[in-house]
Amino acid sequence: MLGGGSITLFHVRGIKIAVDWSWFLILFFLILTMSSNYGDALGESSTSAAPFALALASAAGFFGSIVLHELGHAFAAIRRGIGITSIQLWIFGGVAHMDRESDSPKVEFEVAVAGPAVTFGVILLCSLIGALVAGFGEFGQALRLAVELHSDPDVSGVASMFAWLAAINAFVLVFNLLPAFPMDGGRIARAIIWARTGNRTKATRIAATMGRGFGYLFIGGGLALIALGDVFGGIWLALIGMIVNGAARGVAMQTALTSRIDGIRVADVMDREPVAIPGDISVERALDEYFLRYRWPWFPVVDAAYRFLGLLQRDRADEVPEVSRASSNVSELVDADRGLFVRDDTPLDALLSNQNLRRFGALMAVDAEGRLSGVITVEQVGRALRDT
Ligand SMILES: [Zn+2]
């Protein structure tokens with residue numbers, strides 16, 4: 001499936017794994033250099049079967065490790081009630097897109113640390129398999145060679161492959177743990193400062209400043225690498241520097257903005273007592289009394305206790321054949337996606353990064369008992385940002 005430059009590869013427990021075209025550049029480059037490395041190591045031509053197969057397996061292993069890292073973040077987030085819209089891989093690694101920010105330093109820390117923890121597990125597993133397959137001596141030699149980017153005909157291809165996977169993941173781990181917000185280490189740093197000061201805005205500001213500093217450092221390091229002759233590595237590092245710097249600057253600007261709505265909750269700006277369709281009426285009545293009357297594209301649906309059941313889209317109701325409209329219940333058609341509603345005591349700034357709000361234009365607000373208490377729209381959030 002193609003869309004917006006990204007290709008959906010597969011789903012893991014409902015989470016979409018998608019790749020950007022730039023990811024194929026990395027895979028292509030990896031397979032090319034790895035097959036030549038393995039060719040040297042095995043004393044064969046890089047185009048013969050064994051080096052090429054090892055290179056493919058290495059690329060697949062690397063791809064799998066990055067997906068596992070992001071799934072680590074994703075499952076930690078989901079466990080804490082944060083929705084994951086997708087995992088996207090591109091030339092600089094992966095990103096797990098969350099539908100909102102963490103609401104406590106503990107959650108922020110857990111989600112940030114889960115990815116590196118998985119990567120650490122992958123390093124251990126690769127080392128274990130490598131040592132079991134090749135023996136400790138040979139695997140140790142393979143690890144040394146992988147770090148020095150050399151090859152040696154005495155080391156088997158399989159040992160070299162696991163050594164390379166362990167080494168590249170160790171690089172990913174260390175690099176990710178640098179306190180360069182918004183990378184994992186920067187998020188961990190923000191969580192710690194947030195926990196110490198109790199002030200999320202201040203923590204974000206400090207982390208973003210560190211992120212910008214690291215961004216400049218990476219750019220400088222990249223230029224130095226280019227000067228030393230490592231053009232590809234240098235460009236890659238400099239570009240990461242620019243991305244980290246830009247992202248940290250964006251977050252710092254957003255924080256300056258959101259500090260203006262500190263303390264404001266969804267309930268303070270939402271529309272109260274929204275029109276809702278009772279879940280037990282027929283589709284025919286819903287169309288007559290709600291859709292045709294108000295001409296809105298959707299309505300919230302509630303049960304007898306006014307608990308929010310989900311949304312009913314006009315299209316879904318229209319799709320029901322006319323003969324069965326009188327006998328079908330509205331509650332059978334609702335979209336009960338968790339991402340479509342928020343608690344009405346949610347801080348307003350937590351909605352700023354909410355993908356569903358942006359896409360849908362509005363979210364339903366529910367109280368502590370799950371009863372529909374209001375509707376919050378993008379316009380209301382925007383107005384709160386301007387007026388305060
Ligand atoms: Zn990560």
Side-chain angles (χ1 to χ4, degrees), residues 6 9 12-13 15-20 22-23 26-27 30 61-126 165-195 203-204 207-208 210-215 217-218 236-237 239-248 250-251 353 355:
S6 86
L9 292 184
V12 178
R13 287 213 234 155
I15 302 171
K16 181 172 92 176
I17 315 284
V19 293
D20 195 64
S22 65
W23 176 257
I26 280 281
L27 282 193
L30 257 182
F62 179 59
F63 167 78
S65 330
I66 300 290
V67 171
L68 285 175
H69 174 107
E70 296 306 329
L71 282 174
H73 290 304
F75 287 135
I78 289 169
R79 213 164 64 88
R80 290 300 185 168
I82 300 174
I84 298 291
T85 46
S86 67
I87 287 176
Q88 187 93 31
L89 301 183
W90 63 319
I91 195 164
F92 303 112
V95 188
H97 292 290
M98 294 168 206
D99 65 8
R100 64 177 176 86
E101 296 254 336
S102 320
D103 39 26
S104 78
K106 190 166 174 283
V107 173
E108 171 89 356
F109 183 84
E110 279 178 18
V111 174
V113 97
V118 170
T119 298
F120 186 67
V122 170
I123 297 168
L124 287 184
L125 191 70
C126 289
L165 280 174
I168 191 92
N169 274 295
F171 171 76
V172 167
L173 179 68
V174 171
F175 192 71
N176 264 296
L177 285 178
L178 292 174
F181 189 84
M183 288 178 10
D184 295 339
R187 290 184 180 278
I188 292 169
R190 174 167 82 159
I192 293 170
I193 303 169
W194 184 1
T204 306
M210 289 201 294
R212 296 203 67 186
F214 270 99
L217 226 82
F218 293 160
W236 186 80
L237 186 61
L239 284 176
I240 286 196
M242 285 164 69
I243 291 165
V244 166
N245 186 288
V251 171
S353 56
Q355 308 267 345

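Start at 1 with the first residue, then count along the sequence. Heavy atoms only: backbone and side chains are in, while hydrogens, waters and symmetry mates are out. Numbering of ligands and ligand atoms starts at 1, following listing order.
At a threshold of 4.5 Å between non-hydrogen side-chain atoms, the residues Ile243 and Phe218 do not count as touching.
For Arg80, the side chain to side chain donor-acceptor pair (under 3.5 Å) criterion is met by Glu110, not counting sequence neighbours. Scored by the ring-ring contact (aromatic ring centres under 6.0 Å, His included) test, Phe171 finds Phe175 as partners (sequence neighbours excluded). Legend: residues meeting ring-ring contact (aromatic ring centres under 6.0 Å, His included) with Phe75, ordered by chain and number and at least two apart, are absent.
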### Task
Apply side chain to side chain donor-acceptor pair (under 3.5 Å) to His69 and Thr119, showing your working.
CA-CA 6 Å; His69 174 107; Thr119 298; 2.7 Å; yes
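Defined by atom type and a distance below 3.5 Å, a donor-acceptor pair is present between the side-chain atoms of His73 and Asp184.
The Zn ion (ligand 1) has His69 NE2, His73 NE2, Asp184 OD1, Asp184 OD2 as protein N, O or S atoms under 2.8 Å away.
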